[in-house]
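We name chains A, B, ... by the order of the sequence lines, and we start the count at 1 in each one. What you are looking at is a predicted structure, and each value in this text was computed from that prediction instead of being measured.
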There are 2 protein chains.
Amino acid sequence: MTDVDAAGARELGILIKATQAALNQRMDEALRPLGLTVAQYACLSNLHAEPGISSSELARRTFVSRQSMNVLLQALEKQGMVERAPEPGPRRERAALLTSRAQTSLAQAETAVADVLARMLTGLDPTQRDALRAGLTACRDALLDV
Amino acid sequence: MTDVDAAGARELGILIKATQAALNQRMDEALRPLGLTVAQYACLSNLHAEPGISSSELARRTFVSRQSMNVLLQALEKQGMVERAPEPGPRRERAALLTSRAQTSLAQAETAVADVLARMLTGLDPTQRDALRAGLTACRDALLDV
DNA sequence: GTTGTCATGTCAACATACTGACATCAAGTC
DNA sequence: GACTTGATGTCAGTATGTTGACATGACAAC
């Protein structure tokens with residue numbers, strides 16, 4: 001790898017961090033009026049996409065430790081947003097489900113987040129979006145496989 | 001924005017988060033043997049690129065609060081990695097500089113990080129890298145400008 | 001000169017996330 | 001059956017990061 005490649009690679013690393021930081025900040029601003037944090041939104045969104053998954057599975061999908069996800073879930077449980085099955089499943093997991101109140105809250109959150117994402121993608125035509133998706137997928141996969 | 005666009009946008013948001021999480025994890029693994037955290041590396045790297053900048057400026061460039069950067073700098077000072085000017089500048093800022101020990105430590109860190117970045121970009125030709133850079137830049141800028 | 005504004009550095013309190021450790025239970029292995 | 005392996009949930013301790021608040025000093029406006 002040449003020097004210019006190395007410099008460009010470092011720039012890309014910083015760019016990934018900067019973009020994620022900006023996106024997180026905007027999402028936080030958009031979700032705060034709804035009383036949700038970004039982590040809570042991610043939790044609810046994943047539970048909506050796949051109801052009944054366990055806390056550990058949820059942790060993996062939101063890129064946090066299962067301990068952190070557990071305290072997050074407990075907070076959401078106190079707020080009446082999720083209900084957890086009292087009876088553990090085959091692998092000791094307790095299924096989590098959204099309450100109807102969480103469904104409506106999540107719907108509002110989804111539109112707020114959609115606005116942020118639409119703003120982020122302003123100026124990128126479908127071809128460019130596909131290129132971005134392909135590039136990020138390649139980066140992620142290259143970093144993930146052991 | 002159509003439904004498929006919205007779904008694609010959400011996928012992109014998750015992809016940015018996933019890529020950044022994977023990159024951070026690999027960097028952490030690569031830097032741990034050197035006794036550096038990712039935040040510390042970012043701090044040293046920015047100080048190397050622009051010696052003498054203030055703690056607040058450093059905080060902005062590494063996407064953390066200036067309070068967090070201050071405790072980070074104090075830790076690096078205790079380790080003999082940075083020296084801070086005792087005399088504050090015109091705006092009360094205290095310039096930070098790398099010690100020679102930090103220079104050598106940073107050099108090792110740079111090669112370790114370069115390996116991670118090279119791995120990340122495996123499978124992307126220069127054209128694809130340019131497209132990725134352009135896409136991320138557009139996303140970041142669209143989210144940043146008020 | 002006085003005032004208002006802004007950025008820095010710093011202190012305190014709080015929130016969040018992580019690691020390490022342990023018990024539990026299912027499923028495979030011998 | 002006895003054993004190991006792997007995944008989950010949970011407790012405790014710690015590290016890290018954030019917000020809020022305040023004092024300080026420079027600069028511009030008046």
- [ ] State, yes or no, whether a side-chain contact exists between Thr99(B) and Val82(B) at a heavy-atom distance under 4.5 Å.
- [x] no
Task: Side chain proximity check, Leu98(A) to Leu106(A), heavy atoms < 4.5 angstrom - done: yes
Task: salt bridge (Lys or Arg N to Asp or Glu O under 4.0 Å) contacts in which one or both residues fall within residues 32-54 of chain B, not counting sequence neighbours - done: Asp28(B)-Arg32(B), Glu50(B)-Arg61(B)
Open item on the list: Going 5' to 3' along DNA chain D, which are the first and last nucleotides with any atom under 4.0 Å from a heavy atom of chain B?
Closed with: dG17(D) to dA26(D)
Task: Path from Tyr41(A) to Ile53(A) over hydrophobic side-chain contacts below 4.5 Å - done: yes
- [ ] State yes or no: do Leu15(B) and Leu143(A) share one hydrophobic cluster built from I, L, V, M, F, W and Y residues joined by side-chain heavy-atom distances below 4.5 Å, directly or via other members?
- [x] yes
- [ ] Going 5' to 3' through nucleotides 10-22 of chain C, assign each nucleotide B (protein heavy atom under 4.0 Å from a base atom), S (under 4.0 Å only from sugar-phosphate atoms) or - (no protein heavy atom that close).
- [x] BB-----SBBBB-
TODO: For the helix from dG1(C)-dC30(D) to dC30(C)-dG1(D), measure the angle between the helix axis at one end and the axis at the other, each built from five pairs, rounding to 10°.
DONE: 30°
Task: Shortest non-hydrogen contact between Arg66(A) and Ser55(A), atoms and distance - done: O-OG, 4.1 Å
Task: Minimum-distance pair of heavy atoms, taken over all atoms of Gly52(B) and Leu97(B) - done: N-CD2, 3.5 Å
Task: Distance in Å, Leu12(A) CG paired with Arg10(A) CZ, rounded so as to fall on 0.5 Å steps - done: 12.0 Å
Task: Any residue meeting salt bridge (charged side-chain N to carboxylate O under 4.0 Å, His left out) with Asp130(A), in chain and number order, not counting sequence neighbours - done: Arg133(A)
Open item on the list: Run the salt bridge (charged side-chain N to carboxylate O under 4.0 Å, His left out) test against Glu29(A) and tell me which residues pass, sequence neighbours left out.
Closed with: Arg26(A)
